[in-house]
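Input: a single structure, listed below in structure tokens.
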Amino acid sequence: MQMQTGFNAVEDQYELCEAGYPNKTAIACMINAEISAVLAVMRRNVRWGIHYISDDDQSEHYLVRSLKTLRRQIFSWKNQWRAINPALYLQPFLDVIRSDETSAPITGVALSSVYKILTLDVIDKHTVNVGDTMHLVVDSVTSCRFEVTDPGSEEVVLMKILQVLLACVKGKASVMLSNQHVCTIVNTCFRIVHQAGTKGELFQRIARYTMHELVRSIFSHLQNIDNTKCGFINGSATLKQVTNGLNDHALARKKLENERLNSARDAQPLSTITASGAAPVVAANAVDENTAIASSGNETDPHESLLMTDGVPCIVEIFHFLCSLLNVTEHMGVNPRSNTMTFDEDVPLFSLTLINSAIELGGPSFCHHPRLLCLVQDELFFNLMQFGLSMSPLVLSMVCSIVLNLYQHLRQELKLQLEAFFSCVILRLAQSKYGASYQQQEVVMEALVDFCRQKTFMVEMYANFDCDISCSDIFEDIVDLLSKSAFPVNNPLSSMHILSLDGLIAVMQGISERIGSESLSSKQSTVNFEEYTPFWMEKCDSFDDPNDWVPFVCQRKYIKRKLMIGADHFNRDIKKGLEFLQGAHLLPNKPDSQSVACFLRYTAGLDKNSIGDFLGDHDEFYIQVLHEFAKTFDFHDMTLDTALRVFLETFRLPGESQKIHRVLEAFSERYYEQSPDILANKDAALVLSYSIILLNTDHHNVQVKKKMTEEDFIRNNRHINGGNDLPREFLSEIYHSICKSEIRTTLEPGFGFPEMTPSRWISLMHEANKTSPYIVSDSRAYLDYDLFVLLSGPTIVAISVAFDNAENKEVYQRCMDGFLVAAKISAHYRLENVLDDLVVCICKFITILDPLSVEDSVLALGDDTKVRIATETVFTIANRYGDYIRTGWRSILDCILIFFKLGLLPPRLASDAADESQVTTEIGHGKSNSYSIVSSNLQYIAPKRSSGLISRFSQLLSLGSEEIQSIPTKEQLVAHQQATQAIQKCHIDSIFTESKFLQAESLLNLERALINVGAQHRKGNRILEDEESLVFCLELLVAITLNNRDRVVLLWKGVYEHISNIIQSTVIPCALVEKAIFGLLRICHRLLPYKENITDELLRSLQLVLKLDALVADAYYEQITREVGCLVKANASHIRSQSGWWTITALLSITSRHLESSEAGFDALLFIMSDGAHLLPANYILCVDAARQFAESRVGQVDRSIIALDLMASSVNSLEKWSNNAKKTVKQQEVEKMLQDIGEMWFRLVQGLGKVSLDQREEVRNHALLCLQKCLKGTVGTHLPRDLWLTCFDQVIFTLLEDLLEIAQSHSQKVYPNIEGTLVIALKLVFEVFLQLLLELSQSASFCKLWEGVLSCMEKCMKMKIKGRRSENLQDLVPELLKYTLLVMKSGDILMQINNGSGENSLWELTWLHMKNIAPSLQSEVFPEQDPEQLQHRQVKAIESLGSDANISAPSNEKEGNEGVEIS
């Protein structure tokens, strides 16, 4: 065998250190010393001492003579040691070893000498004749003979034999060993190992260690062996022939299993190491002729020609030999599942250990060597399945370790074997209901967790098995097992529960680590079948390309789920099940026999009774399905009884004879078609099948007392093979097979995880050749979404229950790590429901503090590590993955409310970003501030009291009634500190201050949670005791609204509705409604500068203040007004709409009637209207109306009413400015519209002043008239329509004068002091305005009506009586004013007598008609027959006199003169 060079030191105390000798002489001296040592021991022996006493050289024994000859020659050799044949200096020592005349001490010293020489650097693959030398050493050592003198010396010799053989394999010259000699070494060492069973404990351990090292050394070279070198000594065999021959050999072993077992009991020992007087080695009884490694010595093994050239043949034989050792229990007739007290686990455990080492070192290369791979796939794995059910924890643990190594190295070649191992061993033993002991369950669970820690294990289980229609759901079964095993049922948390928990967390950590890796779309689209396709036959294009296999397995999983639903329907009603499958397009609309047969054959979860009834039915279609069902089996190379077992394991054989006949007929036809060698026809197969069924029933039915003998069975089957007898050996084999193992025709208990029977294994091996390739996943997240969807629910519940029952911090932290991993995955795949469930699960461990008192809750939080860890975890999740929390916010807020009640929250929790910038250094850091809040709950800290004298006196009086407050213990203080630190670590404030980064959907759910928490504590119009919590939630709601000003539209509807409900349902002042009102004002104040698109909506919300109950409004209106004033001053430039200003002015107007708030309200109005800085066409009328209300209000001083009137009067300047700007507009249509609006605003202004002119207060009344005069005269340059002026006279001036006359007549001077003076001012105002507009208004068609109105008012004034008599002032003033007016009209040719012949002169006649009742003499005075020039001169003087008198009371800045107003 050509092996890689290399020298590794032997690692036990018997190995000498390697030493390179400096020169040839030193090596010669060393060999000489060894010769002396051997001769010295021989001299001590009586037999050899005789030869030394005699001087006759002829009488010397040849062994002594050869040693002396070597001593004489060793110093005379000229060549380098590598050029000297090693046999020359090894042969004398080897002769001593092989001699049966030497005693154990002599042999031991010779073996030590050989070992010492082998460890020198001089013997390597370049040394002369090294190959023959190595063969000579192996042959000599394995043929060692010695005389036993005592047990101790015998053990020493055997240990040195092991030492030399190990040196041969591990030395540099080991590459020259042949396959035969390597096998001889292993065989010899193994026999010594078993021979050591009767020796001391130390020798047993050394022997096993040496065997272990031997196997490790041999299999470590497997990766360096070129598989293409498959030649042999005869050069005729090819690799394929060798593999086929080995397969045929293995198949023959299975067919002749019973004979081999019998012959194995009579097998002869293979020992070649014999000690005189000692019993032969019997350990090899466990190995039969077919599996034993070739014996050492000169005998030639039949397979020697296959084990010579390369290392594969010897490694195959060694591995085959190790696997065969597992059959020792069969040879011994012991059930491997029997009690460990009666089962010797030593041999199989040792064999499993060696196999594990071989796989650890050579496993990756097994797939390159088909013969080794075949042994692993078949013989080894079948034995592992059997020993996997061992009661011995050691054996079971080693089996699991081997399977784990096989998974790592060869899983691509072991798909169905792995499925069988998990189904029949792991999942079966892990559950106590199948009879497994607690130790078995624990070992299996540990192994399963080890598998789960492999990063891609669960992904591959899901892709290869759960997504394979014909395989079981290994992934789901494992998850189900782990989640259920993590539940402590009425028991404390045990190691089994923690193991299960570790497994679940390990799976999730694997998924978590793959987050962010490139992958295909994790969320696979739903597969919809519009028509049936033969999906049973579909194949994936490439199982190496994820772009092909990922969609393929997802489609198969979808089909499998549908099939499972169909199977459930089928089990309840066959016809309905088939109809469902047709509706799901998993069967054709017209079912064909092949598709139905595939459904029955490959669908997991079908009831075997239903399948049997279906297949045995006499309907023609069902019979066709039966035959197609039989065609799905591969019976090649199976005996009839094995094939029948495989066939009947897929369904339960019906009880009716006709159904049995139809089923067996289909089976016989299929079997004969594939195995026609022995049977003459299918009838022979049918008859023999019946006979086997009868034998099975006869032999295994306890009610049958007289059992069928072998002769009876053979006799019953005579002449059935086409009239001839079947071979007796053939029938005998079937008989013994059935007697040994029953064919089960009824369902076995634990059907979900059945045992692996030989027939089932044979079927599995046949299926393994046809199954789809094993999918190997890399580190990218291909199916992690699907995995986590299945995994998340059970895992979260299991972790929650485990955390609830845990009692130490390590388990707490492990559970919380699992929660964090689950949260990370949920957030990555946007599984909001999963994340919500997770949050709810954690929060329930925090909300247990709620029913406790404040002191008890704080202490519980500080003392309970579980609650603190849960708190830190849930808020870590909220801060990291808040984007994906939905309904879970409610539970988080419940926890926050608990901490709020305990006083543990940071003081600025409900602040927004702007508030944070205003925090002064006086508040201090969050840490110290938190401490101060927490410390407020300590019982020994007294509340802050006033230091005043009265307060001190009240304290003195109350001393007797106060309870003595207890001082907290040290433990309580520590608990407080721990609780505070835990809350600090949570960074709860970040949830709200950083809410601007939350996704929209999460933010909305956070808002809903805050609203719903508040709504929960409110019932109708009555607020429960927990008002502080309501206020706190509202503060948080306002904070997140302000922090999300860029998307306030998203939140605004909910915020507004919540505040509206609070305001409108509250009838008494309270903290909640106060927070709602000012929170709303705060939102508007802060957001108006930034959100112009919702300015109107924000301001409209302030109308809620107008809906406050009177009692509530009275309590807060002063502060409300201040806030509104601040809002106006800060945001007046941002308010553009009329609706917005309506809300503002409405709020301000109300304050005019409120004593406390009127000052602030008027201050805000003054800010708006002063100098017209913030007067707009949109708010002009509203502001004027508000100013009028302040002017009319008697709440404030008269001075404020005067200022309000001045504001109204000065607003005319804004109208003039807007009018001038309007004239500059290009579009005529826009100009007209704007001038029309300005006219309407002016009219509302003078109308308002007219109303104030009726005020009871003389100062206000008179100042209002002066302001009205200013507004009417200040319209110079303002483009007002002519009709508007006429309306003003009709609705404002005349109405005002009439109202004043009525007041003067009906009210006393006490109510309206000096009303007569006001009338005088009003009359002058009327005539002044009339004269200013006379020239233009006279051109109007309505001038006569206007003039008539003036005359009518004058007539009423003349007739008015005050206190029963006419007013002298009015009697003098009215005629004078009329006279001046008539003169002006006369001079302007407005009033004149016109004689046009028609007799019509309405203005003239109208004038003198009224003058008769006022001053009849005026006509003669105004129209005497005088010179026109003189008359004109008198008119001018009269007008000047009138003008100077009218302007006496006018403001000094008014414009004088008779300049007309431009009228259109």
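For this chain, numbers begin at 1 and follow the sequence in order. Note that the structure is predicted; figures quoted are calculated from it, not measured.
- Counting heavy-atom neighbours within 6.0 Å of Asn1413 CG, excluding the residue itself, gives a total above 12.
- Side-chain polar atoms of Thr1287 and Gln1291 form no donor-acceptor pair below 3.5 angstrom.
- In plain terms, the two heavy atoms of Leu1165 and Ala1186 that are nearest each other are CD2-C, 3.8 Å.
- Classification of Glu1240 and Arg1244 as a salt-bridged pair fails, no side-chain N sitting under 4.0 Å from a carboxylate O.
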Subject >> Worked check of side chain to side chain contact (heavy atoms under 4.5 Å, CB included) between Thr1381 and Trp1347 >> reply: CA-CA 11 Å; Thr1381 303; Trp1347 176 239; 3.7 Å; yes
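- Take Phe1294 and apply the ring pair (Phe, Tyr, Trp, His ring centres under 6.0 Å) test, not counting sequence neighbours, and it matches Phe1289.
- Of the inter-residue distances, the one linking Glu1316 atom CD with Leu1373 atom CG reads 10.0 Å to the nearest 0.5 angstrom.
- Rounded to the nearest 0.5 angstrom, Gln1138 CD and Thr1145 OG1 are separated by 9.0 Å.
- Considering only heavy atoms from C-beta on, Thr1151 stays 4.5 Å or farther from Phe1162 through its side chain.
- Side chains of Glu1123 and His1085 form no contact here, defined as non-hydrogen atoms less than 4.5 Å apart.
- Put simply, the side chain of Ser1152 never gets that close to the backbone of Leu1148: no donor and acceptor are under 3.5 Å apart.
- Taking all atoms of both residues into account, the shortest heavy-atom contact from Cys1357 to Gln1371 is O-NE2, 4.4 Å.
- Note that CG of Leu1296 and SG of Cys1353 are 9.5 Å apart. Values are rounded to the nearest 0.5 Å.
- With rounding to the nearest 0.5 angstrom, the CG atom of Asp1163 is 4.0 Å from the NZ atom of Lys1129.
- Counting only heavy atoms from C-beta outward, the side chains of Val1195 and His1154 never approach each other to under 4.5 Å.
- Other residues, nucleotides and ligands contribute more than 12 heavy atoms inside 6.0 Å of the CD atom of Glu1074.
- Of all heavy-atom pairs between Leu1245 and Met1208, the closest is CD1-O, 3.2 Å.
- Checked by atom type and distance alone, the side chain of Asp1171 never pairs as donor or acceptor with a backbone atom of Ala1173 at under 3.5 Å.
- Formation of a donor-acceptor pair under 3.5 Å by the Arg1136 side chain with backbone atoms of Leu1176 is not found in this model.
- No hydrogens or angles considered: a donor-acceptor pair under 3.5 Å links the side chains of Asp1185 and Gln1189.
- Asp1114 places no side-chain N or O within 3.5 Å of a backbone atom of Ala1110 that could act as its donor or acceptor partner.
- Looking at Lys1251 and Glu1192, no side-chain N of the basic residue comes within less than 4.0 Å of a carboxylate O on the acidic one, giving no salt bridge.
- Residues Leu1378 and Val1374 form a side-chain contact, since some pair of their non-hydrogen atoms from C-beta on lies under 4.5 Å apart.
- A parallel orientation is assigned to the rings of Phe1330 and Phe1343, their planes being inclined by less than 30° (bins at 30° and 60°).
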**OP:** In sequence, state the C-alpha distance, the side-chain angles, and the governing distance for Leu1104 and Tyr1056, and then conclude on side chain to side chain contact (heavy atoms under 4.5 Å, CB included).
**Re:** CA-CA 9 Å; Leu1104 291 174; Tyr1056 174 77; 3.4 Å; yes
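- Residues Leu1272 and Trp1242 meet the side-chain proximity criterion, which asks for heavy atoms closer than 4.5 Å.
- In this structure, the side chain of Trp1141 engages the main chain of Ile1135 through a donor-acceptor pair within 3.5 Å.
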**OP:** Would you check, one step at a time, whether the test side-chain hydrogen bond (donor to acceptor under 3.5 Å, both in side chains) holds for Gln1064 with Ser1060?
**Re:** CA-CA 6 Å; Gln1064 297 186 44; Ser1060 176; 2.7 Å; yes
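- Under the 4.5 Å side-chain criterion, counting only non-hydrogen atoms from C-beta, Arg1194 is in contact with Arg1257.
- Looking at every heavy atom in both residues, His1174 comes nearest to Ala1132 through ND1-CB, 3.6 Å.
- With hydrogens and angles disregarded, no donor-acceptor distance shorter than 3.5 Å links the side chain of Ser1342 to the backbone of Lys1345.
- When atom types are taken as modelled, the side chain of Asn1131 and the backbone of Leu1127 share a donor-acceptor pair closer than 3.5 angstrom.
- Judged by distance alone, the side chain of Ser1157 and the main-chain N or O of Glu1118 form no donor-acceptor pair under 3.5 Å.
- Looking at heavy atoms from C-beta onward, Pro1375 lies in side-chain contact with Met1358 at the 4.5 angstrom threshold.
- In plain terms, the two heavy atoms of Leu1284 and Gly1239 that are nearest each other are CD2-O, 3.3 Å.
- The two atoms that bring Cys1288 and Val1246 nearest to each other are SG-CG2, 4.1 Å, heavy atoms only.
- Using a 4.5 Å heavy-atom cutoff, the side chains of Leu1166 and Ser1170 are in contact.
- Distance check: Ile1062 CD1 to Leu1080 CG gives 10.5 Å after rounding to the nearest 0.5 Å.
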**OP:** Apply side chain to side chain contact (heavy atoms under 4.5 Å, CB included) to the pair Phe1327 and Met1354, showing each step before the final yes or no.
**Re:** CA-CA 10 Å; Phe1327 281 98; Met1354 296 303 106; 3.0 Å; yes
**OP:** Check the pair Leu1319 / Leu1301 against side chain to side chain contact (heavy atoms under 4.5 Å, CB included), numbers first and verdict last.
**Re:** CA-CA 7 Å; Leu1319 275 171; Leu1301 290 171; 3.8 Å; yes
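- The distance from the CD1 atom of Ile1203 to the CD atom of Gln1197 is 11.0 Å, given to the nearest 0.5 Å.
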